[in-house]
Amino acid sequence: RGLLVAVIIGFSLLAFILGDFINQGNSIFSGDRFRIAEINGEDINYQDYELEINQTIETYKQNSGLQSITEADRERIREMVWENMIQKSLLDEQYKILGITVSSDELFDLMQGKNVDPMVSREPAFANEQTGVFDPSKVVYFYKNKDQDKSGQTKEYLLNLENQVSSNRQIRKYLTLISKGLYIPKPIVETEFSQRNYLVDFDFVSKF
């Protein structure tokens with residue numbers, strides 16, 4: 001009887017170990033172990049996230065003439081990529097429903113026109129070498145000479161920047177639309193104010 005019990009326990013342990021191994025194998029092959037988040041029902045893959053970060057870093061170094069970047073710049077890029085992924089998952093659907101877009105003329109104005117987006121003006125690649133101040137002519141130079149870069153990194157850099165600028169513009173339009181929808185009529189405001197500031201002075205006698 002003792003031998004039978006030992007065999008049963010041993011078989012149960014073996015079955016448990018094999019089952020756990022099979023489940024881990026399925027998780028590995030299905031890619032679940034690389035999932036770092038779920039946003040709006042969409043899985044965010046760690047490998048895709050890191051790939052996007054590395055591409056953005058390489059493009060940034062290429063167009064800034066840097067061999068390496070600071071830890072602060074790396075963290076800023078990581079946050080930017082993550083925010084872009086969140087935005088794409090949550091807001092793109094709303095943009096389509098509301099018809100919020102950025103036209104080509106509007107994007108041109110934001111990139112190299114009279115109303116340059118702050119994201120563009122803060123780019124080190126567009127700063128004057130002597131003063132370190134944003135130089136609009138540098139943006140124009142990049143666009144005119146992007147085809148000279150056979151690696152395609154300049155085109156990729158400008159495209160990524162355009163996407164970010166366009167996304168920021170859409171967010172501003174979306175928030176403006178929401179703020180204008182939060183309108184409270186003046187009579188309601190006046191009534192609420194009077195109710196909050198209405199005071200009464202009276203005498204009273206307590207009856208027991």
Side-chain angles (χ1 to χ4, degrees), residues 39-40 42 44 48-183:
I39 303 173
N40 199 27
E42 180 182 351
I44 302 298
D48 294 338
Y49 176 51
E50 284 297 314
L51 178 62
E52 185 70 24
I53 291 173
N54 292 333
Q55 289 177 343
T56 305
I57 288 175
E58 290 303 317
T59 303
Y60 176 81
K61 289 194 298 185
Q62 173 72 20
N63 292 283
S64 301
L66 301 173
Q67 297 297 321
S68 61
I69 62 173
T70 64
E71 189 60 34
D73 286 335
R74 184 180 296 274
E75 185 63 25
R76 180 176 64 86
I77 290 174
R78 293 182 69 89
E79 291 179 359
M80 179 186 68
V81 171
W82 180 247
E83 289 174 359
N84 288 342
M85 296 179 78
I86 294 176
Q87 175 187 315
K88 184 172 180 60
S89 296
L90 296 179
L91 297 180
D92 282 0
E93 183 179 354
Q94 294 300 316
Y95 294 156
K96 291 178 182 179
I97 294 174
L98 298 172
I100 298 176
T101 60
V102 177
S103 67
S104 57
D105 291 339
E106 189 176 3
L107 182 59
F108 177 88
D109 190 45
L110 293 169
M111 291 295 299
Q112 48 183 321
K114 295 181 179 180
N115 300 295
V116 173
D117 190 273
M119 181 174 289
V120 177
S121 62
R122 288 196 299 263
E123 279 295 304
F126 304 140
N128 184 281
E129 289 84 356
Q130 282 73 38
T131 63
V133 179
F134 171 69
D135 185 354
S137 64
K138 297 278 286 185
V139 183
V140 177
Y141 175 83
F142 265 71
Y143 273 99
K144 286 185 176 181
N145 294 275
K146 63 181 180 179
D147 293 327
Q148 304 299 321
D149 181 6
K150 303 303 180 183
S151 68
Q153 289 185 328
T154 300
K155 284 185 177 180
E156 184 179 356
Y157 168 73
L158 291 174
L159 180 60
N160 288 337
L161 187 57
E162 286 177 353
N163 289 335
Q164 294 168 24
V165 170
S166 180
S167 295
N168 285 346
R169 183 64 170 176
Q170 284 181 305
I171 288 177
R172 288 197 293 270
K173 288 184 177 182
Y174 183 67
L175 294 178
T176 299
L177 189 63
I178 292 176
S179 65
K180 289 186 178 298
L182 300 176
Y183 171 73

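These values consider heavy atoms only, across backbone and side chains, with no hydrogens, waters or symmetry-generated copies.
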I need the [X] [atom1] to [Y] [atom2] distance, nearest 0.5 Å.
X	Y	atom1	atom2	value
R78	E71	CZ	CD	8.5 Å
Y143	Q112	OH	CD	5.5 Å
L98	L91	CG	CG	10.5 Å
L110	Q164	CG	CD	13.5 Å
T56	E156	OG1	CD	8.0 Å
E52	N160	CD	CG	6.5 Å

Looking only at non-hydrogen atoms, find the nearest pair between [X] and [Y] and report the distance.
X	Y	value
I100	Q170	O-NE2, 3.1 Å
K173	V102	NZ-CA, 4.3 Å
G132	A127	O-CB, 3.6 Å
F126	V120	CD1-O, 3.4 Å
I77	I69	CD1-CD1, 4.2 Å
E106	T101	OE1-O, 4.1 Å

Under 4.5 Å between any side-chain heavy atoms of [X] and [Y], yes or no?
X	Y	result
V140	K144	yes
E123	F142	no
V165	E162	no
E75	T70	no

For the backbone of [Y] and the side chain of [X], can you confirm whether one donor and one acceptor N or O come within less than 3.5 Å of each other?
X	Y	value
D149	T154	yes
S166	N163	no
K138	N128	no

Report the relative orientation of the aromatic rings in Y49 and W82; use parallel for angles under 30°, tilted for 30 to 60°, perpendicular for over 60°. perpendicular
Is the shortest distance from a Lys or Arg side-chain nitrogen in D117 or R172 to a carboxylate oxygen in the other one below 4.0 Å? yes
Do other residues, nucleotides or ligands put more than 12 heavy atoms under 6.0 Å from E50 CD? yes
Donor-acceptor side-chain pairing of D135 and S137 below 3.5 angstrom: yes
